[in-house]
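Reviewing the structure listed below.
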Number of protein chains: 2
Amino acid sequence: MKERVNSKDVAKKAGVSQATVSRVINKYPHIRDTTKEKVLNAINELGFTVDQVARSLNTRKTSTIGLLVGDISNSFFAETSKEIISIARSLGYDVMLSNTDHQSDNLKTSLATLIGKRVDGIIVGSVERFDEQIQTLHDSKFPVILYNTRLASGNCNAVVIDNFKGARIATEHLISLHHKKIAYVTLPLNYSTLYERMEGYKQALADSDIPYDPASVYIGEISTQAIENFIDIIMSSPEKCTAVFAASDQIAIKIMEICKSKKIKVPEDISIIGFDNIDLSRSPFIDLTTISQQHIKMSEIAVHNLVNMIENKDMEEENQNASSVLEPQLIIRGSTKVLDK
Amino acid sequence: MKERVNSKDVAKKAGVSQATVSRVINKYPHIRDTTKEKVLNAINELGFTVDQVARSLNTRKTSTIGLLVGDISNSFFAETSKEIISIARSLGYDVMLSNTDHQSDNLKTSLATLIGKRVDGIIVGSVERFDEQIQTLHDSKFPVILYNTRLASGNCNAVVIDNFKGARIATEHLISLHHKKIAYVTLPLNYSTLYERMEGYKQALADSDIPYDPASVYIGEISTQAIENFIDIIMSSPEKCTAVFAASDQIAIKIMEICKSKKIKVPEDISIIGFDNIDLSRSPFIDLTTISQQHIKMSEIAVHNLVNMIENKDMEEENQNASSVLEPQLIIRGSTKVLDK
DNA sequence: CTGAAAGCGCTAACAC
DNA sequence: GTGTTAGCGCTTTCAG
């Protein structure tokens, strides 16, 4: 069985040295046209393709970046990954994708295998606020960039929106519609994103002199059962909630589903606002008021900055600061309305 | 600046040869415990990790597989990719993901870079029926497996459901509910999947002596405008359609959205059935009757079969037949109902 | 049980 | 312009 053809075979066939073949492949400027042609012909006839593994070994470059997301089946990550892959490709990089299932252990092993495979850089879409592995990686000058979340220390490049502000805007939107009892539903605050949104919610309440009521806040895993219970409570308390702010569109939609099953009308009985502006929230069946993360732009910047870091690795320290903070945007749709008394 | 530490450094530090370090790393059985320990210590102290690129160069194995999908932001691919990545990882493989945007050109270049990077095998989620590139690849004995679609020639391993049967079941379901004018909406039939579904639809009609009416069939790109027009036509013709079979859940949902905007009630005014059973179709806001592709199982089988092909490459030809056909399943939800006359 | 040496397929000085 | 020669960091005979 014939094995793969390599540049040596090409060289022999073309009657030149292996180095010349290499030069042709890499489009070196000064090669006589006739020899270049000989080589190109040999390449075609033999069906030669460069072995990137071998090339990577001495160029110390794989032209591959690692992408770590919490859950690729979550629309937010699916949409951003698509963009990241597409931009990376346009810049000459392939993407190795890992799904961490939001488990710190998986992050660790994924990171290890990506580093082992010598990816040129890594983009991370979900890290817990106090994660040390990413911090260490960044400290070792390895090109990493976070998007969506960031580290509490702030010591790692990240592309995020101003989550604090976004949550404030969301809450203020409800307040401007005369809502006063506003519930908040969030996953645990391990991610900076969620932590900051929580703070923004509190701040907005404080700014309007609305007392913060722990009973109106759910922090935990988002199971149907748990949310049903929570909704029951906030809707039956003496001073019942008239609006809910959900820390993500996914959560908001879950809440809408539960409201539907309980015959609670949105927005008539309760206003709901989400966060992320995933594609689905625009659907007429959902029509969710939300805060846009500008997630497409976010992915775009993340890749560009990462590639920049990779390709200018030797540049000065300060240039390595590739963080950006995008502005959140309120997207008003049909799930929120003025509270009529 | 200190460069990366390699196995030579470890060898020196441990006072052994590089070969021994390699043996330890690869868990060779016969090594004296004391030397093994020395090596392990050196590895830890130096923070050594294997350079997989160098390893791949002489083992001819990258432990990486390529995954090509049409559109990762499409739930079907997002959900299957998640499963594929997870199973691949459990079998020791990383995944390089490419998004083809359903463009044959992108498939071509993606294929080329994946091959160049020496992935051990490739999983393809969307190929056109008559694609030659995949055929060529398969003929060259490179491990490839298709899922979701297959080649018209049938000469490449594929894991699919019986799409013909699925479409027949879907159509028969509507017929069993006394619908007679049943529209069909599909993307162009370049994919085997869509081609076969179309055939199944026709067959079901024929089996019930319902004439096939081209005017009730839309084949083309799914734009809001186009579908709106189509709906207008089928709902206003003298003998108007009372049911629609959509070639995918995504299309079905699009139709539902348009119906909503036109105040056409589902399922009262029109029954709608989809195909795929993506997560969203289960949502109470959608509640779509559909055909399950068993896409999770499909992904699982695809990875297992591919890995099998990779790891038993030298086995007999016949064993390379790793195709499977899964059974479609009708999932009845709220978007279809008996036609009341 | 362990070491020496060759080599995977390519690129990168350094000659000429 | 082009060939020669070393490696990149690892694994793998082949000795001993």
Side-chain angles (χ1 to χ4, degrees), chain A residues 1-43 46-64 112-113 115-120, chain B residues 1-43 46-64 112-113 115-120:
Chain A
M1 179 136 103
K2 177 66 188 101
E3 284 304 318
R4 198 183 282 298
V5 338
N6 58 29
S7 67
K8 211 166 173 177
D9 298 334
V10 174
K12 199 180 298 173
K13 172 125 194 168
V16 298
S17 78
Q18 212 183 347
T20 300
V21 175
S22 174
R23 293 196 181 96
V24 172
I25 294 167
N26 295 292
K27 306 197 197 308
Y28 245 65
H30 310 296
I31 307 175
R32 191 174 300 154
D33 281 358
T34 59
T35 55
K36 183 194 275 185
E37 200 170 333
K38 276 191 298 184
V39 173
L40 257 21
N41 284 338
I43 287 179
L46 266 37
F48 166 80
T49 54
V50 180
D51 186 324
Q52 300 291 350
V53 174
R55 173 181 278 175
S56 295
L57 186 58
N58 51 21
T59 58
R60 350 284 358 264
K61 185 155 183 13
T62 54
S63 294
T64 301
T113 77
I115 301 289
K117 291 199 171 168
R118 299 292 181 261
V119 294
D120 296 334
Chain B
M1 179 136 107
K2 176 68 190 102
E3 284 303 318
R4 198 183 281 299
V5 341
N6 59 30
S7 67
K8 213 166 172 178
D9 298 334
V10 174
K12 200 180 298 172
K13 172 126 193 167
V16 300
S17 77
Q18 209 182 352
T20 300
V21 174
S22 174
R23 293 195 181 97
V24 172
I25 293 167
N26 295 293
K27 306 197 196 307
Y28 247 66
H30 310 297
I31 307 176
R32 190 175 301 153
D33 281 355
T34 61
T35 55
K36 184 195 274 184
E37 201 170 332
K38 276 191 296 182
V39 172
L40 257 19
N41 284 338
I43 288 178
L46 266 39
F48 167 80
T49 55
V50 180
D51 185 324
Q52 300 291 350
V53 173
R55 173 182 278 175
S56 295
L57 185 58
N58 50 22
T59 58
R60 351 280 2 261
K61 187 157 183 7
T62 54
S63 294
T64 301
T113 78
I115 300 289
K117 291 199 172 168
R118 299 294 182 259
V119 295
D120 296 334

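These figures come from a predicted structure and were not determined experimentally. Naming convention: chains lettered A, B, ... in sequence-line order (proteins, then strands); numbering from 1 in each chain.
- Residues that satisfy the side chain to side chain contact (heavy atoms under 4.5 Å, CB included) test with A:Lys61, not counting sequence neighbours, are A:Thr59, A:Ser63, A:Tyr93, A:Asp120, A:Ile310.
- Helix-axis bend for the helix from C:dC1-D:dG16 to C:dC16-D:dG1: the local axis fitted to the five terminal pairs at one end deviates from that at the other end by 40°, rounded to 10°.
- At least one donor-acceptor pair closer than 3.5 Å links the side chain of A:Thr62 to the backbone N or O of A:Arg118.
- Sequence neighbours left out, not one pair with a member in residues 30-43 of chain A passes side chain to side chain donor-acceptor pair (under 3.5 Å).
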Seminar exercise, completed: Under a 4.0 Å heavy-atom criterion, the protein footprint on nucleotides 6-16 of chain C, written with B, S and -, is -BBBBBBB---

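- Side chain to side chain, B:Lys117 and B:Thr64 fail the donor-acceptor criterion of an N or O pair below 3.5 Å.
- Applying the side chain to side chain contact (heavy atoms under 4.5 Å, CB included) criterion to A:Ser22, with sequence neighbours excluded, gives A:Asn26.
- The minimum heavy-atom distance linking A:Ala11 with A:Ser17 is given by the pair CB-C, 3.7 Å.
- Nucleic acid contact class of A:Ser56 (heavy atoms, under 4.0 Å, all strands): none.
- Looking at heavy atoms from C-beta onward, A:Val21 lies out of side-chain contact with A:Val24 at the 4.5 angstrom threshold.
- Here the range on DNA chain D touched by chain A, meaning any atom under 4.0 Å from one of its heavy atoms, is D:dG1 to D:dG9.
- In this structure, A:Leu46 and A:Lys12 have side chains that are not in contact, with every pair of non-hydrogen atoms separated by 4.5 Å or more.
- Applying the 4.0 Å criterion to OP1 and OP2 of C:dA4, one finds that B:Ser17 has every side-chain N and O outside that range.
- Nearest heavy atoms, A:Phe48 versus A:Ile25: CE2-CD1, 3.6 Å.
- In this structure the side chain of A:Arg23 never reaches within 4.5 angstrom of the side chain of A:Val16, judged on heavy atoms.
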